[in-house]
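Excluded from the calculations below are hydrogen atoms, water molecules and symmetry mates; all remaining heavy atoms, backbone and side chain alike, are included. Proteins get letters first, then strands, A, B, ... in listed order; numbering begins at 1 in each. Bear in mind that the values here come from a model prediction, so they are computed numbers and not experimental data.
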There are 2 protein chains.
Amino acid sequence: MTNENPTPELQTLLSDLVSVTHRLTRIAAQATGEQTSPATWRTLSVLSSFGPMRLGELAKQSRVSQPTMTKIVANLNEVEWIRRIADVDDARAWQIALAPKGIRALSDWRDKLGAALAPLFDDLDREEIEVISRAVDLLHECTDVRAADVVKAA
Amino acid sequence: MTNENPTPELQTLLSDLVSVTHRLTRIAAQATGEQTSPATWRTLSVLSSFGPMRLGELAKQSRVSQPTMTKIVANLNEVEWIRRIADVDDARAWQIALAPKGIRALSDWRDKLGAALAPLFDDLDREEIEVISRAVDLLHECTDVRAADVVKAA
DNA sequence: TATTATACATAGCTCTGCTATGCATCTGTT
DNA sequence: AACAGATGCATAGCAGAGCTATGTATAATA
């Protein structure tokens, strides 16, 4: 590939972003003594954002394989953080929905995470926090667009 | 905590950040078919940023346990991405240094990663990229300096 | 010199996520 | 209607990452 790329800095930026966020998630994991897997939280977050959906759909959204999602859902079902609802149109499929306990768990996790990381960001002023906030929004958009490909009108 | 928590939004922001970056790293991992562990790249990045250091120090910086770092370093040594240099002052310790192959590998990884993710960010304009760039800088500061203190305290 | 602390190595476990495959159900063609 | 292939989820089994507990050699200290 010849270097016609107008923004080689973008590549550097993105790899830096990945590096720094890896570090951040490690800090979060160690600080909270987290025992639930990231994929599980992604799954709950997806359900929280988009509502009930099929297991396979959930796998794509959470970026894990279908068998992995089968396991995750089984675990979540055991602790009653989600409910399995039979799909009336397709006997092979389930609709996976957040259960009240799952909503609380997700909320608790966010609190814990925020509390654990907040001290690191104490020194930031309003404007700097605003920058991070805008960046998160942008990242959300850029990573969700892909999801739109996958998500069919339900 | 004497922190009166003036910004509950900060906690939400941080958990959103963690969520979205988890997603991003999953996308990156799937897009590049990555087979080297994140911790390994963190390790190389640390060495690249701070220069040679002892194995234990490297473990703290990379946010893994010492035995895990022993494994990582052993693997990196086999493929000659790092060199082990005997510590002249302490026969128990090693100085771990990036080898030329490691420098190239790190550079290649950054290229691949950037290339894989760049398409997602095609629609962003200069100003938006600048926002993300500043956010990455801020995250770097917050996770580099403070994190070291937190670890040592623990 | 004896004791305790430190730095790294080893052993062994658990958990997560993967591929390959199986089973049931749906869809389309004849 | 019946069969063939596609699809949705479950199961089996594997590989890798990272952990705790512990071992071994060296340093530091009393």
Side-chain angles (χ1 to χ4, degrees), chain A residues 22-23 25-44 52-79 82-97 150-152 154, chain B residues 22-23 25-44 46 52-79 82-97 151-152 154:
Chain A
H22 270 150
R23 182 190 298 270
T25 56
R26 288 294 294 174
I27 293 174
Q30 292 180 340
T32 62
E34 189 51 62
Q35 54 192 2
T36 303
S37 78
T40 298
W41 294 121
R42 277 203 308 281
T43 299
L44 293 173
M53 66 180 71
R54 292 174 169 217
L55 191 147
E57 196 62 29
L58 202 46
K60 285 176 193 159
Q61 290 293 334
S62 300
R63 296 261 162 193
V64 296
S65 67
Q66 171 262 306
T68 296
M69 184 51 70
T70 295
K71 281 189 194 174
I72 292 174
V73 164
N75 293 338
L76 288 175
N77 195 41
E78 261 177 43
V79 295
I82 54 107
R83 282 177 306 138
R84 312 179 75 124
I85 306 171
D87 188 315
V88 286
D89 296 327
D90 190 338
R92 297 169 303 179
W94 299 96
Q95 292 286 330
I96 311 297
V150 176
V151 180
K152 302 163 197 168
Chain B
H22 270 149
R23 181 190 299 269
T25 57
R26 288 295 292 174
I27 293 174
Q30 292 180 341
T32 61
E34 188 53 61
Q35 55 192 2
T36 303
S37 77
T40 299
W41 294 122
R42 276 202 309 280
T43 299
L44 293 173
V46 166
M53 65 180 72
R54 288 151 91 114
L55 191 146
E57 194 63 27
L58 201 45
K60 284 176 194 161
Q61 290 294 333
S62 301
R63 296 261 161 195
V64 296
S65 67
Q66 170 263 309
T68 296
M69 185 51 69
T70 295
K71 281 189 193 174
I72 291 174
V73 164
N75 294 337
L76 288 174
N77 195 42
E78 262 177 42
V79 294
I82 56 108
R83 282 178 306 137
R84 311 180 74 123
I85 305 170
D87 189 315
V88 286
D89 297 327
D90 188 338
R92 299 167 302 176
W94 299 95
Q95 292 286 330
I96 310 298
V151 166
K152 290 200 171 180

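For C:dG22, the OP1/OP2 oxygens have no side-chain nitrogen or oxygen of A:Arg92 closer than 4.0 Å. Between B:Ser65 and D:dG18 there is no side-chain N or O to OP1 or OP2 distance below 4.0 Å. Neither OP1 nor OP2 of C:dC8 sits under 4.0 Å from any side-chain N or O of B:Thr70. Listed pair A:Arg63 / C:dC18 fails the phosphate criterion, with no side-chain N or O lying under 4.0 Å from OP1 or OP2. Put simply, A:Thr68 has a side-chain N or O that comes within less than 4.0 Å of OP1 or OP2 on C:dC18. Using a 4.0 Å cut-off, no side-chain N or O of A:Arg84 falls inside it from OP1 or OP2 of D:dG8.
The distance between atom CG of B:Asn77 and atom P of C:dC8, rounded to the nearest whole Å, is 14 Å. Rounded to whole Å, the distance from NZ on B:Lys60 to C1' on D:dG18 is 18 Å. Whole-Å rounding puts the B:Asn75 CG to C:dT10 P distance at 12 Å. Atom CD in B:Gln35 sits about 10 Å away from atom P in D:dA17, given to the nearest Å. The distance from atom NZ of A:Lys71 to atom P of D:dT11 is 11 Å, rounded to the nearest whole Å. In this structure, the CG atom of B:Leu55 is 13 Å from the C1' atom of C:dT6, given to the nearest Å. Rounding to whole angstrom units, CD1 of residue A:Ile96 and C1' of D:dC9 are separated by 10 Å.
Ion pairing between a basic and an acidic side chain is recognised when a charged N comes within 4.0 Å of a carboxylate O; A:Asp87 and A:Arg92 show no such pairing.
Among the nucleotides D:dC19, D:dC9, C:dT25, the one closest to any side-chain atom of A:Ala91 is C:dT25. With D:dC19, D:dC9, C:dC8 as the choices, the nucleotide that has an atom nearest any side-chain atom of B:Ala93 turns out to be C:dC8. In this structure, the nucleotide among C:dA20, D:dC9, D:dA27 sitting nearest to the side chain of A:Pro67 is C:dA20. The side chain of B:Arg26 sits closest to C:dG17 out of C:dA9, D:dA10, C:dG17.
Distance alone, capped at 3.5 Å, places no donor-acceptor pair between the A:Arg42 side chain and the A:Gln61 backbone.
When each of A:Leu55, A:Val88, A:Asp90, A:Ile85 is checked for a side chain to side chain contact (heavy atoms under 4.5 Å, CB included) with A:Gln95, only A:Ile85 meets the rule.
Distance check, rounded to the nearest 0.5 Å: OG1 of A:Thr40 to CD of A:Glu34 gives 9.0 Å.
Positionally, the nearest nucleotide of DNA chain D for A:Met69 lies more toward the 5' end than for the other of B:Thr36 and A:Met69.
Heavy atoms of B:Ala39 sit under 4.0 angstrom from primed sugar atoms or phosphate atoms, though from no base atom. Residue-level contact check: B:Pro38 touches neither bases nor backbone, having no heavy atom under 4.0 Å from any strand.
Residue B:Gln66 places no side-chain atom within donor-acceptor reach of the base of C:dA7, judged by atom type and a 3.5 Å distance cut-off alone.
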